[in-house]
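Here the structure comes first, spelled out in structure tokens, and everything after it is commentary.
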Amino acid sequence: MSKSDIQPWPKDVLGLRGMNKSTMTRILDTAVQFRTVSKRAVKKVPTLRGRTVIMAFFENSTRTKLSFEVAAKRLSADVISFSASTSSSKKGETLLDTAKNLSAMSPDAMVLRHSQTGAPHLLAKHFDWSVINAGDGINEHPSQGLLDILTMRDHLGDLTGKHIGIVGDIQHSRVARSNIFGLQTMGARVSIAGPGTMCPKHYESLGVQVVHSIDDLLDSVDAIMMLRVQRERLGIAMLPSVEEYASLYGLNVERLRKCQSHCLVMHPGPINHGVEMMPDVLDDPRSVVMEQVANGIAIRMAILHLALSGQKGG
Ligand code: CP
């Protein structure tokens, strides 16, 4: 990688669409360095001492919110948690007004999860501090895409030419979109499978192969990522019965037997057990679901460190 391949470091991390391979590789390599911090007795480095990071989650989260918090604290940042459910947004305050008020408290970064596509992009345009997209509607979830790619790179090495299958509710999945953009940039081939209503043919325009049966993918994929059926975003007509979905698209032991011996089993969480993934699949040695969670901390440390270094004077 030459210096000229690296884009000037941006203050915001909004998505993997358009992020080049050098930039993505730099985040992954920085995460690998930060991974050692979590293995020490004292899990802290002074990188972001004196900097303030706001966690603003307007949608529920366990993994992303907590691991961004852990990441910021391991970098010695001061962390303020904003919970939409107990805030004045419940009284009708707009996102922009909320952000203006939080901006008056001189933060250095905001990690934002919001149901509206483009919400982080809006704030990034208005403010000097860094905006990190922790999931915007059905658009992107870049830190999840990066932690998934790091987990795959750990096991599969260079992802060039590797075949990755993503199965389930692609249409409503920001995880799928960030993985599709990121994996293609890293040279992987992506195939998606799911019911026609959740996995539309027009996704081929993103350069992926669309198949409608999980069984078409099993013997050729190097990793298979199962997605949660997002009942909160689904029209009722989109989902056959849960039993039918599980039998047609769920990953079970019989299907896993048809996968290659090195094929990684992945899921971003939270899992609908017995729907997209059967409980015994999670116990298979090929399952890396908890490694994904652990890598989330290192990736988020790298994102916070690099984004804040991209600010004026950072
Ligand atoms: N993978 C993921 O985004 O999980 P949370 O919704 O719990 O953050």
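The figures here come from the full heavy-atom set of this structure, side chains too, leaving out hydrogens, waters and symmetry mates. Read the numbers this way: they start at 1 and go in the same order the structure lists the ligands and their atoms. Predicted model only: the values in this text are computed from it and were never measured.
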Pair [X] + [Y], salt bridge at N-O below 4.0 Å:
X      : Y      : answer
Asp29  : Arg153 : yes
Arg255 : Asp215 : yes
Lys162 : Asp222 : no

- salt bridge (charged side-chain N to carboxylate O under 4.0 Å, His left out) partners of Lys11, counting only residues at least two apart: none

- Task: Collect the protein residues that have a non-hydrogen atom under 4.0 Å from ligand 1 and hand them over in chain and number order.
- Result: Ser61, Thr62, Arg63, Thr64, Arg113, His141, Gln144, Pro268, Gly269

- Item | Which residues share a side-chain hydrogen bond (donor to acceptor under 3.5 Å, both in side chains) with Asp284, sequence neighbours left out | Arg286

Distance-only donor-acceptor hits, side chain of residues 77-85, under 3.5 Å, sequence neighbours excluded:
unit_1 : atom_1 : unit_2 : atom_2 : d
Ser81  : OG     : Glu69  : OE2    : 3.0
Ser83  : OG     : Ser85  : OG     : 3.1

